[in-house]
Amino acid sequence: METKECDYRGGYLNGFLMIAIDIVLWGLVIYNFINGCIAADAGLPCLWQFITAVVLFVAAVIFSCGFAMQEPNEAKVLTFFGRYVGTFRKTGFFWINPFMSTKKVSLRARNLNAEPIKVNDKNGNPILIGLVVVWRLKDTYKAIFDIDTDVSSANQVGNAAGARMNKFQNFVAVQSDSALRQVAGMYAYDNNDGKDNEITLRDGSDEINEVLLNKLNERLAMAGLEVMEARINYLAYAPEIAAVMLRRQQAEAIIAAREKIVEGAVSMVKMALDKLSVEEVVELDEEKKAAMVSNLLVVLCADEPAQPVINSGTLNH
């Protein structure tokens, strides 16, 4: 997306150098004013000394108003009588034209830990889902001039910068809520429909987070904000269906466990019959084999330990 942001290429000076120059100017103001007073008392011409003192006084006042200190990952958006002239990103202590209007912004990464919200998944089931977002300001022009960040009520520059960043935070929170609702409606909570290849909110965390990241960047690009990381940090069924879904999951787990037990039991029965036949331990007719299979399956598939019954008779008629 096209941007109008540019670096400030206007004049600026080292702040410590300007302090020295400003001190000299104030000294000259005092010197010319005192000499003018002395000359006036002596009846000598003194007008030019007072004029010089006034001119130097105005210059000293102007030079005293342009100092600015900037830390790493901070920037100042500069405007000259309403016209954008660039973004100042250099770190250190500087003197900039005091007639420039400055809006201070932070370029540091910030976290947004959104509270879980209730939405409907692809199947219409109500779920609770939350996310955490790591974002930062990328395009200072769009952030300042393309969205409303008016903080004129703030008393100090520091307070104004903090209030401005809070407005960005609120903007990210609103757009994150909207994007999360959209993404949650695109996927099912889990694959209870039997579609094993379908991406779900519970199992497809990496894919879901990637989609969420792209959706957020699409929404925040107009505000000059960039999402560096977005991930779902909370996922659960809504309270009104949580108990029902828990019973369904328990039933699915029991059925899956039963399938494994039956599969293992059949394999063990077959192995036992083959072993008896190969080693000729005992000869069993079809009726005895059926009875033995039935007994073994009951023993192997039972929930409780079997009670053995000793048969003291014979297996032959």
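The residues of the chain are indexed from 1 along the displayed sequence. All heavy atoms count here, side chains included; hydrogens, waters and symmetry mates do not.
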For Phe80 together with Phe99, are the ring centres under 6.0 Å from each other? no

Please evaluate residues Phe171 and Ile147 with respect to the criterion side-chain contact (heavy atoms from CB on, under 4.5 Å), reporting the C-alpha separation (whole Å), side-chain torsions for both, the decisive distance (0.1 Å), and the verdict. CA-CA 9 Å; Phe171 188 87; Ile147 62 174; 4.2 Å; yes

Kindly indicate whether the side chain of Met186, heavy atoms from C-beta on, has any atom under 4.5 Å from the side chain of Ile208. no

Does any N or O in the side chain of Gln70 come within less than 3.5 Å of the main-chain N or O of Gly92, such that one atom is a donor and the other an acceptor? no

Interatomic distance, CG@Leu128 vs CD@Glu115, rounded to 0.5 Å, equals 11.0 Å

Are the side chain of Asn214 and the backbone of Glu210 linked by a donor-acceptor contact shorter than 3.5 Å? yes

Would the distance check show the side chain of Asn97 and the main-chain N or O of Gly66 forming a donor-acceptor pair, the cut-off being under 3.5 Å? no

Would you say the side-chain atoms of Glu74 pair up with the backbone N or O of Glu71, donor to acceptor, closer than 3.5 Å? yes

Residue pair Tyr141 / Asp146, side-chain heavy-atom distance below 4.5 Å: yes

Under 6.0 Å between ring centres: does that hold for Phe94 and Phe67? no

Do Asn120 and Asn125 have a side chain donor and acceptor closer than 3.5 Å? no

Which pairs would a plain distance check flag for residues 25-33, meaning a side-chain donor or acceptor within less than 3.5 Å of a matching protein atom at least two apart in sequence or in another chain?
from, atom 1, to, atom 2, distance (Å)
Trp26, NE1, Ser64, OG, 3.4
Tyr31, OH, Asn35, ND2, 3.1
Asn32, ND2, Leu28, O, 2.8

Between the side chain of Thr79 and the main-chain N/O of Gly82, is any donor-acceptor distance below 3.5 Å? no

What's the verdict on ring pair (Phe, Tyr, Trp, His ring centres under 6.0 Å) for Trp95 and Tyr12, showing C-alpha distance, side-chain angles and the deciding distance? CA-CA 6 Å; Trp95 182 88; Tyr12 62 90; over 10 Å; no

Distance-only, no hydrogens or angles: does the Arg202 side chain make a donor-acceptor pair with backbone N or O of Ala236 under 3.5 Å? no

Counting only heavy atoms not in Met228 (residues, nucleotides, ligands), do more than 12 fall under 6.0 Å from its CE? no

Approximate separation, where rounding is to 0.5 Å, of Tyr234 OH and Ile129 CD1: 11.0 Å

Output for pair (Phe88 CZ, Thr102 OG1), nearest 0.5 Å, gives 11.0 Å

Ile117 and Arg181, any side-chain heavy atoms less than 4.5 Å apart: yes

Between side-chain atoms of residues 130-137 and protein atoms elsewhere (two or more places apart, or another chain), which donor-acceptor pairs fall under 3.5 Å?
from, atom 1, to, atom 2, distance (Å)
Trp135, NE1, Gln169, OE1, 3.2
Arg136, NE, Glu226, OE1, 3.2
Arg136, NH2, Glu226, OE1, 2.8

Do Asn166 side-chain atoms and Gly162 backbone N/O form a donor-acceptor pair below 3.5 Å? yes

Check the pair Thr140 / Glu5 against side-chain hydrogen bond (donor to acceptor under 3.5 Å, both in side chains), numbers first and verdict last. CA-CA 7 Å; Thr140 57; Glu5 184 189 51; 2.6 Å; yes

Would you give the length of the straight line joining atom OG of Ser178 to atom CG of Leu216, rounded to the nearest 0.5 angstrom? 9.0 Å

Heavy-atom donor-acceptor pair, Asn73 side chain to Arg108 backbone, under 3.5 Å: no

In this structure, SG of Cys6 is separated from CG of Leu78 (nearest 0.5 Å) by 9.5 Å

So how far is it from Lys215 NZ to Gln175 CD, rounded to the nearest 0.5 Å? 13.0 Å

Can you give me every donor-acceptor pair (side chain of residues 43-60, partner residue at least two apart or in another chain, under 3.5 Å) with its distance?
from, atom 1, to, atom 2, distance (Å)
Gln49, OE1, Gly36, N, 3.3
Thr52, OG1, Trp48, O, 2.7

